[in-house]
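For clarity, every value in this text was computed on a predicted model and none was experimentally measured. Proteins get letters first, then strands, A, B, ... in listed order; numbering begins at 1 in each.
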Amino acid sequence: MKVKKYDNYSIIEDVKDFDIGQTLECGQCFHFNKIDDNEYAFVSFNNLFAVKQKNDEIMINTTDDKKINVLIDYLDLNTNYGHIKKELIKRDDLLREAIEANWGIHILNQEFSETLMSFIISQNKQIQHIRKIVKGLSERFGEFLGSINGVDYYSFPDIDQISNISVDDYKELKTGFRAPYLKDASDKLVYYKASANALSDDIYIVDKKIKENVFAGMNEEMAREELKKIKGVGDKVANCVNLFSLSYRGAFPVDVWIKRIMESMYFKREASKEEIEKFALDLYGEYGGYAQQYLFFFGRENNLGK
DNA sequence: CTCCAGGCCGTCC
DNA sequence: GGACGGCATGGA
């Protein structure tokens, strides 16, 4: 991987096993818009990115090293997915089809507070509606970042902004019964930020500090249990935060889709959530999160088990 | 109209 | 500990 800078854009070259469309559309994040084939606008850590991919080249709308590094981290471009895919197929050849269909998925390294709030919102909701609510939350409480093709983009609110959001505000954003859950998560975020001693104005640095100073001392299970103290966070949401934000790539979130997919591919019968979690841990081990995402997107696109 | 959505909580046994 | 109804809102 190599970065070349031009007047007002840069190109990341030699990108392997990555597809921007598959990565953004596979259901792990909610804050993006498709502009054209292989071309997306999205918000990440207070940055508005426009990204266009052509084969193994990614063109981006900045020459700022800091932003480029945020993007490389966010898109997980330094991880060798060729190795991961080979390892998964070695463990289970049944995954081959799902992996080959979505060969370019990367697991994003998302901001902690956005991941937590987004997946609390996600319960009992369709992805399109989750995206609408995240957009509304950002427009109302985030910060204007710019516009692309006439569409305005706002940052996901930072923790200081989140601390000012009331239960009624959340209800106005059509979050329904999740409103008090989001309020509880807001309070916890303020607490995490304070205990991480994260004083910076830079949302990327604050996020890193929370991950390092609050969660890095925990293992995966401890982090999950800590997250489950938040109202509205159960195993599934906690696993999503672990996988998509806290770098626990072994986390295997079991939702209605994964349940259906695993039952149809492996069990050939109904199976409990716990049974599926144990099965996935035994089979995929520390690669569970990757397997989950290949399966999730593949299953959804092909309406597996429905 | 009914059914379901990247679930979880409170309550019951 | 496991089972079950309820839950706001919107889309199919």
Does A:W257 lie flat on the base of B:dG6, that is, centres under 5.5 Å apart and planes under 30° off? no
Before accepting this row, confirm whether a basic side-chain N of the pair A:R91/A:E87 lies closer than 4.0 Å to the acidic partner's carboxylate O. yes
A:R260 has a side chain; which of B:dA5, B:dG10, B:dG7 sits nearest to it? B:dA5
Below 4.0 angstrom, N of the basic side chain to O of the carboxylate: do A:D36 and A:K52 qualify? no
Length of the line joining A:N124:CG and B:dG7:P, which is rounded to integer Å: 6 Å
Distance, C1' atom - from B:dA5 to C:dC7, rounded to whole angstrom: 13 Å
Measure the distance from CZ on A:R178 to C1' on B:dC9 and round it to the nearest whole Å. 13 Å
Under-4.0 Å salt bridge between A:R96 and A:D93: yes
So if I take residues 94-114 of chain A and measure heavy-atom distances to DNA chain B, which residues fall below 4.0 Å? none
Say we look at B:dG6 and C:dA3: how far apart would their P atoms be, to the nearest angstrom? 24 Å
Provide the distance between the two P atoms, one in B:dT11 and one in C:dA8, to the nearest whole Å. 14 Å
Chain A reaches DNA chain C, atoms under 4.0 Å from its heavy atoms, from C:dC7 to C:dG11
Is it true that A:D37 and A:K54 have a side-chain N and a carboxylate O under 4.0 angstrom from each other? no
Could you state the NZ-P distance from A:K236 to B:dA5, rounded to the nearest angstrom? 12 Å
Can A:E275 and A:R269 be counted as an ion pair, charged N to O under 4.0 angstrom? yes
Is any side-chain N of the basic residue among A:K259 and A:D255 closer than 4.0 Å to the acidic one's carboxylate O? no
Side-chain atoms of residues 225-232 of chain A: list all donor-acceptor pairs with protein atoms under 3.5 Å, sequence neighbours left out, distances to 0.1 Å.
unit_1, atom_1, unit_2, atom_2, d
A:E226, OE1, A:K229, NZ, 2.9
A:E226, OE2, A:Y192, OH, 2.9
A:K228, NZ, A:D235, OD1, 2.9

Residues in ring-ring contact (aromatic ring centres under 6.0 Å, His included) contact with A:F32, at least two apart in sequence or another chain: none
Charged N-O contact under 4.0 Å between A:K16 and A:D14: yes
Contact between A:M117 and A:L189 at the side-chain level, heavy atoms closer than 4.5 Å - yes or no? yes
Anything under 3.5 Å between a donor and an acceptor, one on a side chain of residues 241-249 of chain A, the other on a protein residue two or more places apart or in another chain? List them.
unit_1, atom_1, unit_2, atom_2, d
A:N242, ND2, A:E220, O, 3.4
A:S245, OG, A:Q110, O, 2.9
A:S245, OG, A:F112, N, 3.3
A:Y248, OH, A:M218, O, 2.8
A:R249, NH1, A:N109, OD1, 3.4
A:R249, NH1, A:L243, O, 2.9
A:R249, NH2, A:D76, OD2, 3.1
A:R249, NH2, A:I107, O, 3.1
A:R249, NH2, A:N109, OD1, 2.9

The correct set of residues in residues 279-293 of chain A placing a heavy atom under 4.0 Å from DNA chain C is none
